[in-house]
Every structure is written in C-alpha cells, then in structure tokens.
Amino acid sequence: MTSGDAPSPHAVGATTRADLARYVTSLGDDALIHAQRLAEWIASAPELEEDVALGNIALDQLGQARLLLSYAGDVEGAGRNEDDLAFFRDERKFLNLQLVELTNGDFAVTIAKLLLVSSYQLELYRRLSSSTDEMLSAIAAKATKEVAYHRDHATQWTLRLGDGTEFSHQQMQTALERVWPYLEEMFDDSWIPATLLESGVAVPVSELRPAFTQYVTTVIRQATLTSPEVPSIPTGGRRGIHTEAMGFLLAEMQHLARSHPGATW
C-alpha cells in the first residue's frame with residue numbers, strides 16, 4: 001500500500017481537505033516522534049534481545065508515519081511528501097502528543113510510555129479501521145496488527161518490572177508517575193474538526209478512554225502497581241505547543257536532511 005494508491009479523500013471541500021490533512025498529519029507525527037525516541041534505545045537496551053524488539057517497534061511506528069504523512073501530503077495538495085513533512089517542518093508545525101516526545105528516561109519510563117501510547121493507538125486504529133475515508137481505514141487496519149504486538153510487549157515488561165524486585169517495582173511505579181500527567185491530552189476531542197467527526201472520517205478520542213482505562217488499570221494492578229494520582233499538566237501538542245525536549249529531538253532527527261537537502265544514497 002502506498003500513498004500513490006490513495007483514493008480521492010472522502011471529503012472534497014477545500015476546508016475539509018485542509019482539516020483532513022491536519023488530522024492525518026497529527027497521527028503521523030505521533031508515530032514519527034515515537035519511532036525516533038524508541039530508536040534511541042538501539043544498542044542501549046538492557047538486553048540484546050530488547051535492542052531488537054524496540055528497534056522493530058520503532059520501525060513499525062516509522063512505517064505507520066510514512067503512510068500517514070504521505071497521505072497527508074497527498075490530501076494537502078501542496079506538493080509535499082513524507083520527507084518534506086518529517087524533515088522540513090519547524091517545531092510549531094508538528095502536531096504530535098507531548099507524551100511521545102518526552103525523553104526516554106530510564107528503561108521503566110520508556111516501558112510506561114509504550115504501554116500508554118500503544119494502548120491508545122490500538123483503540124484508535126481499531127476504530128479508524130472503519131473510517132469512511134478508505135485510505136485512512138486501510139492504514140489503520142494494517143497498523144492495528146502491529147500495535148497489538150507493541151501493547152503486549154509493554155504489558156509483559158510492566159508485569160516483569162512491577163512484580164519483580166523491590167527496586168524494579170519502585171522504578172516502574174516512579175515511571176508511571178512520570179508519564180501520567182500527559183494522559184489527558186490523548187482523550188481531548190477539541191482539536192478534531194467537527195466535519196471529520198460527523199462524516200465518520202475521524203474518531204472522537206474521548207470514546208476510547210473506557211477501553212483504554214480498563215486495560216491499563218488491569219495491567220497495573222496485575223503488576224502490583226497502583227495507578228498514579230497525579231494532576232494533569234497543561235499540554236498542547238495538537239496545537240503545535242511542545243516540551244523543551246522537542247527541539248533537541250528535531251535537531252537530531254532533521255540534521256542530515258537539512259544539511260544536505262535533496263541528497264540521496
């Protein structure tokens with residue numbers, strides 16, 4: 001499946017095309033930035049096998065990002081491709097959740113992030129696989145199978161660390177408390193255009209929360225951990241407002257492409 005196979009977008013009005021492009025870009029940015037962070041673990045994970053596992057998860061996320069950003073470029077109609085959107089946008093133009101851009105922290109923090117992000121993405125992609133937009137539906141159906149594996153991987157590590165030694169238990173609990181304040185942003189519907197929701201192209205993310213909460217809280221309980229009771233923080237990733245970590249991430253991710261624009265190898 002390539003963006004070149006993309007059917008005409010479900011909605012044809014200029015405003016709706018812009019809304020659709022922005023919506024798909026947001027989902028692509030989630031996957032792209034999450035992939036970039038996970039790739040930082042290659043050759044640094046606690047086990048050789050985990051180097052491979054996190055690398056594969058990063059590649060899955062990168063593949064989803066390529067499909068989504070390619071499609072966003074097609075819908076936008078401004079001649080931008082996946083590389084243009086990934087490497088030649090400034091920080092305020094990225095629309096990803098702040099959660100995915102947070103620094104990796106220790107291994108437990110990365111696992112906590114992966115548990116929350118994969119649980120969210122799995123519910124989202126399951127719903128989007130029935131989107132009235134055929135291309136978005138096809139991308140989501142493919143991604144669902146991959147993200148189910150990501151969630152299972154994060155689940156197994158959460159159980160292993162939480163129900164392990166006293167030290168690993170405390171590290172995992174501290175990791176959950178580190179990422180928990182960024183949870184609310186995932187279920188905020190306010191950034192999704194009403195036209196996309198009414199036409200069945202997009203999904204109200206607030207509706208994903210019950211299934212997400214049931215799964216995550218069950219895993220946390222089985223891992224002998226507790227769901228953090230920490231306040232949410234002001235976010236705004238969907239509006240282009242990012243944490244301090246985002247600029248450093250983009251500087252590394254975009255350095256080569258911006259230093260040698262048009263280069264191929």
Side-chain angles (χ1 to χ4, degrees), residues 30-31 33-42 44-58 60-61 96-127 143-144 146-188 205-235 237 243 245:
D30 284 349
I33 301 303
H34 195 206
Q36 179 70 16
R37 279 291 183 229
L38 288 170
E40 294 172 0
W41 276 104
I42 296 176
S44 300
E47 298 175 350
L48 181 60
E49 187 177 14
E50 193 60 18
D51 272 352
V52 177
L54 291 179
N56 283 333
I57 293 172
D60 286 344
Q61 289 283 300
N96 55 277
L97 297 166
Q98 288 189 1
L99 175 61
V100 299
E101 72 196 44
L102 298 180
T103 54
N104 283 330
D106 63 24
F107 184 68
V109 173
T110 293
I111 292 301
K113 285 174 59 179
L114 184 59
L115 178 65
L116 299 190
V117 173
S118 61
S119 297
Y120 163 79
Q121 287 183 327
L122 183 56
E123 299 303 326
L124 176 64
Y125 286 143
R126 280 175 172 166
R127 291 284 301 274
T144 297
E146 298 169 346
V147 174
Y149 162 73
H150 304 170
R151 190 180 73 166
D152 182 66
H153 189 78
T155 297
Q156 296 308 315
W157 268 111
T158 300
L159 296 172
R160 186 174 172 182
L161 295 175
D163 197 21
T165 65
E166 182 179 348
F167 178 75
S168 71
H169 175 91
Q170 185 56 51
Q171 290 295 104
M172 196 65 222
Q173 184 65 50
T174 301
L176 288 172
E177 292 169 2
R178 168 77 177 91
V179 301
W180 212 259
Y182 296 87
L183 197 64
E184 291 300 320
E185 188 177 18
M186 293 196 289
F187 305 107
D188 177 13
V205 286
S206 59
E207 295 181 3
L208 308 178
R209 186 152 200 164
F212 170 94
T213 300
Q214 181 178 17
Y215 184 83
V216 171
T217 55
T218 298
V219 172
I220 289 174
R221 185 173 61 252
Q222 290 176 345
T224 71
L225 300 162
T226 56
S227 297
E229 295 184 2
V230 294
S232 299
I233 63 170
T235 50
T243 66

Practice item. Ignoring hydrogens and angles, tell me if any N or O in the side chain of Thr224 forms a donor-acceptor pair with the backbone of Gly162 under 3.5 Å. Key: yes
Exercise for review: Check whether any side-chain heavy atom of Leu97 sits under 4.5 Å from a side-chain heavy atom of Tyr120, and report yes or no.
Suggested key: yes
Point to revise | Spacing of Glu123 atom CD and Ser119 atom OG [to the nearest 0.5 Å] | key: 7.5 Å
Study note, to complete from the structure: Taken to the nearest 0.5 Å, the spacing of Lys113 NZ from Ser118 OG works out to 12.5 Å
**Study point:** side-chain contact (heavy atoms from CB on, under 4.5 Å) evaluation trace for Val109 with Gln171
**Key:** CA-CA 8 Å; Val109 173; Gln171 290 295 104; over 6 Å; no
Review point. Can you list the steps and then say if Met186 with Val205 is a side-chain contact (heavy atoms from CB on, under 4.5 Å)?
Key: CA-CA 7 Å; Met186 293 196 289; Val205 286; over 6 Å; no
Check your understanding: Do Trp157 and Leu115 come close enough that some side-chain heavy atom pair is under 4.5 Å?
Key -> no
Point to revise | N/O donor-acceptor pair under 3.5 Å between Asp163 side chain and Gln222 backbone | key: no
**Study point:** Partner of Leu38 by side chain to side chain contact (heavy atoms under 4.5 Å, CB included), out of Ile57, Val100, Asn104
**Key:** Ile57
Review point. How far does CZ of Phe187 sit from OG1 of Thr213, to the nearest 0.5 angstrom?
Key: 6.0 Å
Exercise for review: With side-chain contact (heavy atoms from CB on, under 4.5 Å) as the test, would you mind laying out the steps for Ile42 and Leu54 before giving the verdict?
Suggested key: CA-CA 7 Å; Ile42 296 176; Leu54 291 179; 6.0 Å; no
Review point. Where do Asn96 and Asp30 come nearest, in terms of heavy atoms and distance?
Key: CA-OD1, 3.2 Å
Practice item. Would you mind checking if Glu50 and Arg160 are paired as a salt bridge, meaning a charged N to carboxylate O distance below 4.0 Å? Key: no
Study note, to complete from the structure: For Thr144 and Leu122, the nearest pair of non-hydrogen atoms, with its separation, is O-CD1, 3.6 Å
Study note, to complete from the structure: On a heavy-atom basis, the closest approach of Ala223 and Thr158 is CB-O, 3.5 Å
Check your understanding: Are Asp106 and Arg178 close enough that some pair of their side-chain heavy atoms sits under 4.5 Å apart?
Key -> no
Review point. Of the non-hydrogen atoms in Pro181 and Pro231, which two are nearest, and what is the gap between them?
Key: CB-O, 3.5 Å
Practice item. Report the C-alpha distance between Ile111 and Met172 in whole Å, list the side-chain angles of each, state the deciding distance to 0.1 Å, and finish with yes or no for side-chain contact (heavy atoms from CB on, under 4.5 Å). Key: CA-CA 8 Å; Ile111 292 301; Met172 196 65 222; 4.0 Å; yes
Revision key, fill the gap. Nearest heavy-atom contact between Gln61 and Ala35 is CB-CB, 3.7 Å
Check your understanding: Judged by atom type as modelled, is there a donor-acceptor pair below 3.5 Å linking the side chain of Arg37 to the main-chain atoms of Leu102?
Key -> yes
**Study point:** Glu101 and Thr243: CA distance, side-chain angles, deciding distance, side chain to side chain donor-acceptor pair (under 3.5 Å) verdict
**Key:** CA-CA 8 Å; Glu101 72 196 44; Thr243 66; 2.8 Å; yes
Check your understanding: Around Gln214, counting heavy atoms of other residues, nucleotides and ligands shown, do more than 12 lie under 6.0 Å from its CD?
Key -> no
**Study point:** Phe107 side, atom CZ; Leu114 side, atom CG - distance, nearest 0.5 Å
**Key:** 9.0 Å
Point to revise | Enclosure of Glu166 CD (heavy-atom neighbours >12, cutoff 6.0 Å) | key: no
**Study point:** Nearest non-hydrogen partners of Ser227 and Trp180, listed with the distance
**Key:** CB-CZ2, 4.2 Å
Review point. Can you tell me how far the CD atom of Glu185 sits from the CG atom of Leu99, to the nearest 0.5 Å?
Key: 8.5 Å
Practice item. Supply the atom-to-atom distance Asp51 CG to Glu47 CD, rounded to the nearest 0.5 angstrom. Key: 9.5 Å
